[in-house]
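Keep in mind the model is a prediction, meaning the values are calculated, not measured.
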Amino acid sequence: VLKDCDMPAGCLQLEITESLAAENPLIRGRLHELKALGVMLALDDFGTGYSSLSSLHQWPVDVIKIDRSFVSQVASSAHHRVLVEATVRVARSLGMRTVAEGVETAEQAAVLVALQCDKGQGYLYARPLGAQAATQWLAAQAPAPALQLGTAVLSRAEAGERLLQHLDPSSLAVALFDPEERLVYANPSFRQLHWRGLDGTPNWEDIMRTAHRRREGVSIETADINGWIAGVRKRYRQTPRRVFESNLCDGRWMRVCEETAPDGWQLSVSTDVTLLKVNEAELRQARDTALVASITDPLTGLPNRRHVFARLQALMAEAIELRLPLTVAVIDLDKFKLINDQHGHAMGDSVLLAFTQCVGGALRPRDVLGRIGGEEFLLVLMNTGRAGAERVLGEARAALRRQAIVPQVPALQLDFSAGVTVACAADTSDALWQRADRGLYAAKAAGRGCDTFVEAPDEAAALMDRLRGNPEHGGLLHPL
C-alpha cells in the first residue's frame, strides 16, 4: 500500500482490536515489524478484551482507543471515570496518545477534556460520512494557518547540539551503542543508573557484569552471570524494537525501549515507571470493580438481567453438548407491592435481600439465581429436571414460611409464585424464558404461592417452527 500510493509510512495508521491482539500470539510480532517500517498503530476497543493497563508497555502502539462502553458512562459513573483516567495517565506516561470512542454528549466531552484525553470521536462531532463529505467537513474544521514568526531553521549539527543539551538534565536515561555493542554516548541519567562513578566506554556485557558485581543498576539475581547473559542474548538485538520492564537494585522500575537499526546501531531509552508499578494493583482493582458493577444487581449482589441471561445462554449450550437436563424457573414475590405500600421501600429492599439469602444460600455452585427486574428473579438449575426443580422451590418456600423474614416485623410473611420449564435442544434462551414466564402467570392466576410447570413443545415441531419463521421460537427462515 505504501509503495503503490507513494505514501510516507507515518501517514498510515492501522488499527487492531485489543481482543484479537491478545488472542493471537503471532500478532505482536507482526506489529513490531509494522512499527519498524514507521507505520502508526492503534489499539482499538481497549478495555473490553484481555489486556490490562499494566501490559500496555508490551504493545508497540502509538494510540490507545478507549472503548465506548466506558466513554458512554464517563460523565455519570465514578468507576468508569477512574478507568478512563487511569488509561489516559498510563498511555501518556508511555508516550502514547488516547482517543475516546463513542462521544455523544457535551458532558462526556467536558469530562474527557478534564481527564486530558487527546482526541474524541463520535456522533457529538459528526455522523459517518462518505469520502467527499468527510473531505468537506475536514476543510471546514481546519484552523487558520499559524503566523510565521521568522524562527531560524537550525542546521543538522545545531539541532544535534541542542538535543544533547536537553538530554543532559533529562530524567530519561538515554544511551547509544555502536554495532559492536560499545557505549558511544550516555547522558548523565544513564550513567548514574548503570555506570555510576566509572569512566571509559564499556560494552553492553561490561555494564551487565558490573551491575551484577556491584549490586547496582539492573537487578540480576543469579549466581551464574554467564548463563544469565547467554539467556538474555536470545532476546537482545533480535528484533528492531524491544520494549520491556526492568527492576533496579534500589527498588525502582524502568521501562526500557531499545531500537536497533539495520546497520547495528542501537538507541536505548529508559523511563522510570515506579509509580505506575506501585499503582498497578489499585488500577486493576478499579477496573475489576467497574466490571463487577456492570454485571451485578447493586441491591442483592446477584447477577443482573443482562448477566443472568448471558449465563443462561452459556449453560444451555453446555447442557446440550453434555446432554444434561437444564431447568429454568421464573420467580415473582407475591404481594410485594403491598409490602412496599404498607411498610415502605426500605422494608421492601430488606425483603428482597432476605429472599436472595434464603434461596441463593441453598443453591449449588453451578446453579444461577439472578434478579431480572423489581421482585422478579430467574433461577437456572444445571443438570436438574422437573422433579429436582420442584424440590428446590418447595424447600425454599418452606424455609421462607418458617423464618421471620424481617425481624422488625415478625408477622410479615413472604411467599412466591414460579413458572418452571425444562430446556429442549430446539430452544433458544428467549423461548425458554418466555415459556417459564407463561408458567408464572398461570401460577399467579391459580392463587399464588405455587409453581406451575410448562411442558416443552415437541422438539421436532419446535425446530420446524423456528425454521418456518415462527417469531415465538426465534424463526430463522421465512416462506417465499
Side-chain angles (χ1 to χ4, degrees), residues 17-24 45 47-51 67 69 288 291-297 300-331 356 359-360 362-373 376-393 418-440 451-478:
T17 60
E18 175 197 359
S19 56
L20 176 62
E23 289 172 355
N24 191 335
D45 298 339
T48 61
Y50 306 99
S51 298
D67 188 72
S69 61
D288 291 345
L291 291 176
V292 169
S294 70
I295 62 174
T296 304
D297 174 58
T300 62
L302 295 174
N304 60 16
R305 183 184 184 92
R306 181 180 67 176
H307 188 47
V308 74
F309 276 102
R311 293 288 297 128
L312 170 61
Q313 196 165 15
L315 288 174
M316 285 179 66
E318 183 179 339
I320 291 172
E321 181 180 356
L322 299 177
R323 298 184 179 182
L324 297 175
L326 181 142
T327 301
V328 164
V330 177
I331 301 171
T356 298
V359 177
L363 298 180
R364 301 165 301 181
R366 297 299 308 280
D367 298 332
V368 179
L369 177 67
R371 185 184 179 195
I372 58 177
E376 196 165 316
F377 297 82
L378 182 67
L379 175 61
V380 185
L381 299 171
M382 186 67 171
N383 195 20
T384 302
R386 173 180 178 177
E390 291 177 342
R391 182 175 63 254
V392 169
L393 294 172
V420 184
T421 191
V422 176
C424 65
D427 273 329
T428 64
S429 57
D430 283 343
L432 182 62
W433 166 68
Q434 289 169 12
R435 192 163 68 242
D437 199 46
R438 290 198 299 272
L440 171 63
D451 310 322
T452 298
F453 182 81
V454 180
E455 292 283 355
D458 176 78
E459 293 195 18
L463 182 58
M464 290 304 298
D465 279 344
R466 291 182 64 197
L467 294 174
R468 288 170 181 156
N470 188 329
E472 181 178 348
H473 299 289
L476 302 176
L477 302 178
H478 297 277

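The backbone N or O of Gln313 sits nowhere less than 3.5 Å from a side-chain atom of Ser429 that would complete a donor-acceptor pair. With Ser294 contributing its side chain and Val292 its backbone, the two residues share no donor-acceptor pair below 3.5 Å.
Among residue pairs with one or both ends in residues 300-313, none qualify as salt bridge (Lys or Arg N to Asp or Glu O under 4.0 Å); sequence neighbours excluded. Counting only residues at least two apart or in different chains, salt bridge (Lys or Arg N to Asp or Glu O under 4.0 Å) contacts with residues 379-392 comprise Arg386-Glu390, Arg386-Glu455.
Closest approach of Met316 to Asp427, counting heavy atoms only: CE-O, 3.7 Å. Contact between Ala329 and Leu393 at its shortest, heavy atoms only, is CB-CD1, 4.2 Å. For the pair Ala389 and Val420, the tightest heavy-atom approach, listed with the atom from each and the gap, is CB-CG1, 4.1 Å. Taking each heavy atom of Asn304 and Thr296 in turn, the nearest pair found is ND2-N, 3.5 Å.
Side-chain atoms of Trp433 and Val330, non-hydrogen and from C-beta on, do get closer than 4.5 Å to each other. Contact of the Phe377 side chain with the Val359 side chain is not registered, since no non-hydrogen atoms from C-beta on lie closer than 4.5 Å. Here the side chains of Leu363 and Leu379 are in contact, with some heavy-atom distance below 4.5 Å.
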Fill in: Worked verdict on Arg366 versus Leu315 for side-chain contact (heavy atoms from CB on, under 4.5 Å)
CA-CA 9 Å; Arg366 297 299 308 280; Leu315 288 174; 3.3 Å; yes

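With sequence neighbours excluded, the residues that form a side-chain hydrogen bond (donor to acceptor under 3.5 Å, both in side chains) with Thr421 are Arg435. With sequence neighbours excluded, the residues that form a salt bridge (charged side-chain N to carboxylate O under 4.0 Å, His left out) with Arg364 are Asp367. Residues that satisfy the side chain to side chain contact (heavy atoms under 4.5 Å, CB included) test with Val308, not counting sequence neighbours, are Pro303, Val368, Ile372, Leu378. Taking the salt bridge (charged side-chain N to carboxylate O under 4.0 Å, His left out) definition, one finds that Asp437 meets it with nothing, sequence neighbours left out.
The CG atom of Asp297 sits 12.0 Å away from atom NE2 of His307, with the distance rounded to the nearest 0.5 Å. Distance check: Leu302 CG to Ile295 CD1 gives 12.0 Å after rounding to the nearest 0.5 Å. The distance from atom CG of Leu324 to atom CG of Asn383, rounded to the nearest 0.5 Å, is 4.5 Å. We find the OG1-CG distance between Thr384 and Leu326 to be 8.0 Å, quoted to the nearest 0.5 Å.
Between Ser69 and Asp67, the side chains place a donor N or O and an acceptor N or O closer than 3.5 Å (distance only, hydrogens not considered).
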